[in-house]
Every structure is written in structure tokens, then in C-alpha cells.
There are 2 protein chains.
Amino acid sequence: MIFTILIAYFLVLQAKDKLIAHLRRIIQLSPTEEVIVRNSFKKKHLDKKEVLLFTGEVSSHMQFIADGCLRAYYMDDEAKEHIVQFGIEGWWVNDLYSYLTQTPAKQFVQALEKSTVLQIHRDTLNDLYNEVPAVERFFRLKFEKAYVAFQYRTIDAMAKPAEERYLEFRTKYRDIEQRVPQYMVASYLGITPEFLSALRKNLR
Amino acid sequence: MIFTILIAYFLVLQAKDKLIAHLRRIIQLSPTEEVIVRNSFKKKHLDKKEVLLFTGEVSSHMQFIADGCLRAYYMDDEAKEHIVQFGIEGWWVNDLYSYLTQTPAKQFVQALEKSTVLQIHRDTLNDLYNEVPAVERFFRLKFEKAYVAFQYRTIDAMAKPAEERYLEFRTKYRDIEQRVPQYMVASYLGITPEFLSALRKNLR
DNA sequence: CCCCTTTCTTAATCCACCTTAAGATTATTC
DNA sequence: GAATAATCTTAAGGTGGATTAAGAAAGGGG
């Protein structure tokens with residue numbers, strides 16, 4: 001019993017250590033600031049297939065993945081799933097539109113493996129921007145990077161044929177490809193699983 | 001002569017007034033800060049078809065459109081143009097990837113009409129982030145918004161048929177549609193001008 | 001106001017990718 | 001370790017949008 005508590009406490013620390021290390025790769029934090037940041041986030045454990053955010057809910061937290069693998073996806077009118085983003089350790093996942101505009105989410109966020117995320121509430125984060133300006137800088141840079149990465153993904157998606165996109169996905173996200181089913185990769189690439197299967201056959 | 005100079009000076013003021021008004025819609029600026037911001041930007045006039053940024057150059061400035069209409073586009077291997085973004089008064093245009101990573105631009109930025117832009121150099125802007133933190137907040141919010149807007153554009157582009165995308169473009173950017181040739185709208189939507197023409201015929 | 005360039009349309013043919021449906025593998029669960 | 005669910009493959013036929021080539025219309029410079 002005590003033992004379990006100790007292990008749990010250790011995991012919390014570990015998760016937050018990962019977050020701090022992640023931030024320190026971009027910005028500097030004084031020891032005091034580090035404490036403030038640590039206290040602003042709450043750990044949340046997710047089972048495989050557990051849904052962190054449902055369509056229709058308003059997303060109120062930014063989420064850092066300390067461990068595991070999640071996906072963000074939406075369902076079209078014909079109830080088909082379209083994966084917008086995968087995330088593994090060290091990534092952030094969310095329906096950002098919902099988070100930023102405080103409107104109901106159009107996306108689901110779901111764990112594909114047992115996962116640990118660190119959550120910070122929008123209000124807490126907005127306070128944190130004032131208390132620890134470096135955190136605001138971190139997110140400015142984060143969004144800049146996310147924006148250009150996304151722009152290039154889109155340009156690729158519109159200009160390049162599916163085979164090329166798949167090959168790029170493989171080299172860029174080898175670690176993810178190993179961990180998620182193939183039909184989800186197809187969904188992320190914007191093609192049907194049947195077509196991906198056919199592509200892969202051609203590549204052999 | 002003197003008269004021309006007076007008019008030119010008036011236009012500079014006008015342009016910077018527009019910028020300040022644009023910023024004030026999002027953040028607050030003290031009179032001192034306003035002066036600092038004004039002095040950080042330089043006005044640039046562009047003739048129709050003039051290119052502001054060439055592929056291969058490194059983009060070193062953020063650019064606010066005070067007047068006119070511009071486009072950002074890239075050329076694929078087959079020398080076909082793909083429009084990534086349009087911009088009119090009150091928008092920002094750039095090859096952000098180049099600006100942020102200081103690598104050679106893959107996009108052109110070109111005026112589609114006589115235009116006026118206000119430019120700020122990357123170094124000046126980075127200083128400005130420290131001198132006027134509200135400006136950093138402005139750009140954090142700007143990138144957040146740009147990111148989600150782009151994400152939704154992409155989701156649309158992958159999920160919806162061309163006709164629907166065209167109709168959405170029309171309602172969302174009526175003002176732009178009036179000002180740019182139809183084949184550029186097609187390029188922005190990721191379809192051929194011939195197909196757009198056929199679509200429009202069907203809608204009548 | 002005319003000429004030349006830019007832009008838009010029409011129509012035939014073609015291809016990347018989708019749909020449907022069925023069977024073959026591979027995981028999970030009891 | 002059998003049963004069931006989840007995932008992957010194969011193959012036939014369909015469709016959205018591209019390509020090519022022409023001509024029509026609209027603009028803009030001199």
C-alpha cells in the first residue's frame with residue numbers, strides 16, 4: 001500500500017521532470033519559476049482507448065504527454081474518422097480550436113496506449129503567462145513552430161501523391177508508425193486503409 | 001514637390017495608424033510603447049506584380065499589409081504555382097518557415113495590386129518582444145489563431161469536395177474573390193482553373 | 001480605340017484514389 | 001487455446017478532378 005503510493009509519487013515526479021526538461025530545451029526557468037510551473041500542472045492517467053476529450057465538450061486544458069500515445073480525430077457527416085494529429089511522449093495534444101475559442105470541440109482526443117498527461121487549465125495558464133513570462137515565450141515559439149510545420153504538412157498533402165506522403169511519414173515518424181495500427185496511418189494521410197495497403201504492396 | 005512630400009508623409013502616418021489600431025484591437029499599448037512600436041516598422045511601397053520576397057532569399061521581416069492585396073505562393077517541380085495565402089489590408093503575409101528558421105524561402109510573396117506594407121526586421125521584433133511584452137502577447141495570440149484557422153482549412157480541404165470549399169471561400173472571403181483572378185482562387189483551393197470554371201457553371 | 005496579353009470557358013480523355021465486398025491475418029479475451 | 005474482435009489484404013468497378021487543346025472574352029497599354 002505505502003509502496004504503491006511511493007511508486008505513484010515517483011511517477012508524478014518523473015512526469016513533471018519530463019515537462020520541465022521539455023521547457024528548458026527552449027526557455028530558462030529560475031528555481032522559483034520551476035516550482036510555480038510544476039504546481040500549475042496536474043497529472044492524469046489514461047487507460048488504453050480512454051477518451052480525454054469528447055466532441056461537444058469545451059477543451060479547457062493544455063495537455064503535455066509525459067508517457068504513452070494519443071490521437072486527435074474528428075468524425076465527418078458519414079461517421080468516418082479522420083485523424084488530425086498523433087502525439088507521443090514530449091508532444092502536446094488538444095483540440096486547439098476548442099481550447100482557444102472556448103467553443104465545443106469537434107475533435108476527440110483519445111489514448112491509444114496507457115498514457116500519462118500533464119494538464120494545465122486555461123485560466124491557470126493565462127495567469128502563468130503573467131507570473132512567468134518565459135512560459136508565454138515558450139508558447140509563442142511553440143505555436144510558431146506548430147504553424148509552419150502544419151503549413152508544410154498541408155502543402156505536402158495537396159501537392160504530393162499519397163505514396164510519397166506515406167514514405168515521408170515513415171521516415172519522419174518511424175516511432176509512431178510502429179505504435180499505431182495501419183488504418184490510422186491511412187486516416188492521418190487522408191487515404192483509405194485499402195489504398196494504403198495497395199501502396200505498401202507496390203513498395204515491396 | 002513639397003505637396004508630394006506632404007502626401008507621402010500623410011500616407012506613412014496613415015499606414016502606421018492602421019497598424020496601431022490593429023494591435024490595439026488585441027493588446028493595450030501605453031503612449032511610450034506606441035512610439036517604440038511605430039519606430040520599429042518601416043513603410044514599403046509595392047507596385048502591382050512587384051515581388052516582395054523571392055524563393056531562395058531568407059525572409060527577414062514580418063510584414064503587415066496597410067493597403068493593397070498580396071499573395072504567397074510556391075512553385076512545384078513542374079513549375080506550377082500553388083497559392084498558400086492571400087492577404088489584404090490588416091493581414092500579415094510572409095513565408096513564415098523561412099522567417100522563423102532563417103532558411104531560404106520556398107515561397108514568393110507578390111503584390112497583386114499597388115500595395116503598402118509595414119516591415120519589421122526579425123532582430124528588431126525580437127528586441128521589441130523584450131521592450132514591449134504586450135507585442136509578444138500579440139504574436140502569441142496571432143499564431144494561435146493562425147494555427148487553428150489553418151488547421152481547419154486543412155481539415156476542410158481533405159474532407160470536403162471542391163464545390164463546397166469554393167462556396168465557403170466565397171462566403172468567407174467575398175472581398176478577396178472580387179479582387180483576384182479566378183485562376184488564383186483555383187490555385188488557392190487546390191484545383192485547376194478549368195475545373196473551377198466547370199464548377200461555377202454547375203452552380204448557375 | 002485598337003492590338004496584344006491575360007483570363008475564362010468548353011469538351012474529350014485519362015488517372016489517382018475511393019467504394020464495396022470478401023477473405024486472410026493477427027490480437028484479445030474468457 | 002478456442003472464440004471473437006480487430007486489423008490487413010485483394011480485387012472489381014466507380015468517380016472527382018487533372019490534362020490537353022481550342023477558342024472566347026475581357027483588360028490594359030500605347
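Every chain is numbered from 1 and lettered A, B, ... according to where its sequence line falls, protein lines coming before strand lines.
- Using a 4.0 Å cutoff on non-hydrogen atoms, no part of residues 161-169 of chain A comes near DNA chain D.
- The one candidate from A/L53, A/I88, A/L52, A/L112 that meets the side-chain contact (heavy atoms from CB on, under 4.5 Å) condition with A/L70 is A/L52.
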Inset, instruction - Give the intermediate values and the outcome of side chain to side chain donor-acceptor pair (under 3.5 Å) for residues B/S40 and B/T124. - result: CA-CA 7 Å; B/S40 303; B/T124 313; over 6 Å; no

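- Comparing the start and finish of the helix from C/dC1-D/dG30 to C/dA22-D/dT9, five pairs each, the helix axis swings through 50°, to the nearest 10 degrees.
- Once rounded to the nearest 0.5 Å, the distance linking CD of B/Q110 with OH of B/Y73 reads 4.5 Å.
- Contacts with DNA chain C (heavy atom under 4.0 Å) in residues 171-200 of chain A: A/G190, A/I191, A/T192, A/E194, A/F195, listed by number.
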Inset, instruction - Carefully, step by step, assess A/K114 and A/H45 under the rule side-chain contact (heavy atoms from CB on, under 4.5 Å). - result: CA-CA 8 Å; A/K114 247 175 160 267; A/H45 217 84; 4.0 Å; yes

Polar-atom pairs under 3.5 Å, protein N or O versus N or O of nucleotides 27-30 of chain D: list them with distances, or write none.
none

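- Salt bridge absent: A/K106 and A/D76 never bring a charged side-chain N and a carboxylate O closer than 4.0 Å.
- Between A/R122 and B/E144 there is no salt bridge, since no side-chain nitrogen of the basic residue lies less than 4.0 Å from a carboxylate oxygen of the acidic one.
- B/E34 and B/R38 are joined by a salt bridge, as a carboxylate oxygen and a charged side-chain nitrogen come within less than 4.0 angstrom of each other.
- Under the side chain to side chain donor-acceptor pair (under 3.5 Å) criterion, the residue pairs touching residues 50-59 of chain A are A/S59-A/N94, with sequence neighbours excluded.
- Other residues, nucleotides and ligands contribute over 12 non-hydrogen atoms within 6.0 Å of the CD atom of A/Q178.
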Legend entry - Test side-chain contact (heavy atoms from CB on, under 4.5 Å) applied to A/L100 and B/Y147, step by step: CA-CA 11 Å; A/L100 294 171; B/Y147 180 81; over 6 Å; no

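- Of all nucleotides in DNA chain C having an atom under 4.0 Å from a heavy atom of chain A, the first and last in 5' to 3' order are C/dC17 to C/dT28.
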